[in-house]
There are 2 protein chains.
Amino acid sequence: MSDVAAYSVISPTRIPPHAPPAPGQLSAAARAPQKDGQRCTACSMRSICMPQGLTPAELQRIESFIYPSRTIKQGETIYRANDSFQSIYAVRAGSFKTVVMHRDGREQVTGFHLAGDSLGLDGVCSGRHSCDAMALEDSKVCIIPFHLLEAMCREVKVVQQHLHRMMGGEIVRESSQMMLLGTMSAEQRVATFLLNLSDRLRMRGYSPAEFHLRMTREEIGSYLGIKLETVSRMLSKFQRDGLVDTRGKDIRILDHEGLVNV
Amino acid sequence: MSDVAAYSVISPTRIPPHAPPAPGQLSAAARAPQKDGQRCTACSMRSICMPQGLTPAELQRIESFIYPSRTIKQGETIYRANDSFQSIYAVRAGSFKTVVMHRDGREQVTGFHLAGDSLGLDGVCSGRHSCDAMALEDSKVCIIPFHLLEAMCREVKVVQQHLHRMMGGEIVRESSQMMLLGTMSAEQRVATFLLNLSDRLRMRGYSPAEFHLRMTREEIGSYLGIKLETVSRMLSKFQRDGLVDTRGKDIRILDHEGLVNV
DNA sequence: CGAGTATTTGAGCAATTTCAAAGCGGGTGG
DNA sequence: CCACCCGCTTTGAAATTGCTCAAATACTCG
């Protein structure tokens with residue numbers, strides 16, 4: 001199956017890239033933003049995507065230019081490679097994958113993004129996005145126009161530092177993934193993937209031991225640089241070894257230490 | 001051979017991390033920085049590491065806090081993983097590799113950095129560097145204290161945008177490398193490596209067709225996620241196929257298109 | 001409920017690694 | 001200035017890992 005074809009099937013209702021004066025719904029909502037329950041102040045992800053120590057006035061200023069909750073259906077993209085870069089996004093609910101495509105059509109999942117994670121910084125350098133960001137389930141994102149964020153960074157040091165830490169974090173995360181792809185066996189890659197996901201869920205207050213994968217074996221394999229059959233075999237092996245209990249997409253980690261030592 | 005052991009042999013005179021009031025030489029020089037021929041204005045790498053469109057006053061301000069030329073001998077490190085992050089570095093001459101190490105001792109080359117490239121942004125997120133940066137030959141770097149650069153970013157938009165583009169560029173570069181590591185055959189990896197290096201040399205005004213590798217086959221292999229023997233075999237194969245002429249570390253690209261189509 | 005996906009598992013195969021040995025190269029100390 | 005030595009590189013052969021192809025089974029969403 002061609003992945004290019006798959007895209008057009010999975011994502012028939014691709015969301016167009018948005019210039020600051022966005023059309024329809026968005027623009028209407030943007031004129032009257034902060035509906036209650038959608039304010040950053042009330043957002044459970046706030047500690048992840050916002051800096052600490054803002055004054056109420058600064059907080060209000062940030063809220064004034066964040067569009068606080070756009071819904072993205074499963075399979076839809078927030079942006080695609082080569083779209084003009086205008087905004088970054090904070091995942092408010094749900095999850096996403098980012099996918100880069102090579103000119104020959106080969107593609108690779110470069111990341112999975114959970115609530116609280118940011119998306120879109122790949123567009124900062126060239127002014128165009130370098131990957132597709134697709135929802136793995138029905139999701140919500142906050143939209144943060146980058147030039148307004150940059151303007152605020154020039155005035156508020158903690159906002160600047162927060163942006164720099166986000167970008168720096170992305171750089172470090174990617175080099176860890178390069179190490180995984182460059183040096184680990186298939187078995188270690190899958191173990192690392194599970195542990196990493198478990199950690200991130202724990203940090204968000206979910207159970208680190210039991211969770212539901214929103215992505216397919218193929219997407220996991222792409223992310224890990226192995227084939228989907230290999231992912232499946234490694235999960236089966238972990239099952240036999242009593243490290244995890246897998247039931248399709250439901251995962252239960254039985255032996256955390258065991259996975260670490262794989 | 002243990003790479004840990006190798007480090008202490010190769011790099012017996014490791015340069016200590018520098019707090020802003022740096023000791024000895026650096027501090028002395030820092031008090032009287034811009035020796036002639038070391039000013040950014042006169043630097044051939046200026047177009048790569050500095051933004052366009054600065055006023056003379058702004059340029060002078062940047063120059064006032066950049067320490068313009070520290071020499072790093074082959075095998076020495078500018079910083080190492082876990083060193084406190086204070087500054088970023090612009091390679092003024094020579095070349096570097098960055099290396100991340102896993103807790104089990106496995107290590108991976110995450111990048112090769114030529115004159116004009118930046119180094120050190122991996123420390124922005126956590127305040128500590130996440131990799132080692134080691135000179136592949138006797139080299140020179142400019143030292144840019146990050147908190148001063150951040151301060152200037154708050155005042156001068158083009159400086160801010162330049163920093164953001166540098167960080168964004170790092171993110172995009174790393175995702176390309178993830179794609180290479182995740183989807184390409186050994187043959188394609190080596191071809192891509194040669195073409196990439198060729199491009200970067202061309203952009204710096206050097207011959208894109210003939211160059212000297214400053215790194216070993218082992219370092220190339222680590223960067224590409226393959227073994228040194230495989231690198232060697234692929235180079236021999238390209239030689240047989242008339243794509244390149246290899247004589248040890250001297251490379252001549254004979255058929256650029258051929259490499260692209262590997 | 002049924003079609004189309006997604007997952008699991010097996011068997012054979014291909015690419016890369018591992019292990020081994022020989023050649024080369026250039027830096028250094030005599 | 002030359003010879004020697006150590007590290008780097010090349011090459012071969014055997015071993016291994018993960019891939020490909022194939023088929024059966026399990027899910028999930030209309």
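By convention in this document, chain letters (A, B, ...) are assigned in the order of the sequence lines, proteins followed by strands, and residues within each chain are numbered from 1. Because the structure is a prediction, the values reported are computed rather than measured.
- Centroid-to-centroid, the aromatic rings of Y79(B) and F85(B) stay 6.0 Å apart or farther.
- dT9(C) atom P lies 14 Å from atom CZ of F238(A), rounded to whole Å.
- Atom NZ in K237(B) sits roughly 17 Å away from atom C1' in dT10(D) (whole-Å rounding).
- Applying a 4.0 Å cut-off to non-hydrogen atoms, none of the residues of residues 241-252 of chain A approaches DNA chain D.
- Comparing the local axis fitted to the first five base pairs of the helix from dC1(C)-dG30(D) to dG30(C)-dC1(D) with the one fitted to its last five gives a bend of 50°, rounded to 10°.
- Note that OH of Y223(A) and CG of L180(A) are 7.5 Å apart. Values are rounded to the nearest 0.5 Å.
- In this model, the phosphate group of dT11(D) is approached by a side-chain N or O of S236(B) to a distance below 4.0 Å at OP1 or OP2.
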Protein-nucleotides 13-19 of chain D N/O pairs under 3.5 Å:
unit_1	atom_1	unit_2	atom_2	d
dA13(D)	N6	R233(B)	NH2	3.4
dG18(D)	OP1	A186(A)	N	2.7
dC19(D)	OP1	K227(A)	N	3.4
dC19(D)	OP2	K227(A)	N	3.3
dC19(D)	OP2	T230(A)	OG1	2.4

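- Nucleotide dT8(C) holds its C1' atom 11 Å from the CZ atom of R240(A), rounded to whole Å.
- Nucleic acid contact for L228(A): base, since at least one base atom lies under 4.0 Å from a heavy atom of the residue.
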N/O donor-acceptor pairs under 3.5 Å from side chains in residues 254-262 of chain A, not counting sequence neighbours:
unit_1	atom_1	unit_2	atom_2	d
D255(A)	OD1	E257(A)	N	3.4
D255(A)	OD1	G258(A)	N	2.8
N261(A)	ND2	E257(A)	O	3.2

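- As rounded to whole Å, 13 Å separates atom C1' of dT11(D) from atom CG of L235(B).
- Looking at every heavy atom in both residues, H212(A) comes nearest to D250(A) through ND1-OD1, 2.7 Å.
- Atom-to-atom, NE2 of H212(A) to C1' of dT28(D) comes out at 11 Å; the value is rounded to the nearest Å.
- The CD1 atom of I220(B) sits 17 Å away from the C1' atom of dT16(C) (whole-angstrom rounding).
- Rounded to whole Å, atom C1' of dT20(D) lies 14 Å from atom CD of E218(A).
- Nearest-nucleotide positions on DNA chain D place E229(B) closer to the 5' end than the other of E229(B) and E229(A).
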Inset, instruction - Step by step, work out the salt bridge (charged side-chain N to carboxylate O under 4.0 Å, His left out) result for D138(A) and K73(A). - result: CA-CA 4 Å; D138(A) 293 357; K73(A) 287 222 172 61; over 6 Å; no

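- Once rounded to the nearest 0.5 Å, the distance linking CZ of R103(B) with CE of M101(B) reads 13.5 Å.
- Screening residues 201-211 of chain B for side chain to side chain donor-acceptor pair (under 3.5 Å) gives D117(B)-R204(B), D199(B)-R202(B) as the qualifying pairs, with residues at least two apart or on separate chains.
- Among dC8(D), dT10(D), dT7(C), the nucleotide with an atom closest to any side-chain atom of R217(A) is dT7(C).
- The two residues A81(A) and D132(A) have their closest heavy-atom pair at N-OD1, 2.7 Å.
- The side chain of S232(B) sits closest to dT10(D) out of dC21(D), dT7(C), dT10(D).
- No donor-acceptor distance shorter than 3.5 angstrom exists from the side chain of R92(A) to the backbone of S69(A), with no hydrogens or angles considered.
- When all heavy atoms of H129(A) and R80(A) are compared, the closest pair comes out as CB-O, 3.6 Å.
- The minimum heavy-atom distance linking S95(B) with S139(B) is given by the pair N-OG, 3.1 Å.
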Identify every side-chain donor-acceptor pair in residues 240-248 of chain B under 3.5 Å, counting partners at least two apart or on other chains, and give the distances.
unit_1	atom_1	unit_2	atom_2	d
D241(B)	OD2	K237(B)	NZ	3.1
D245(B)	OD2	R252(B)	NH2	3.2

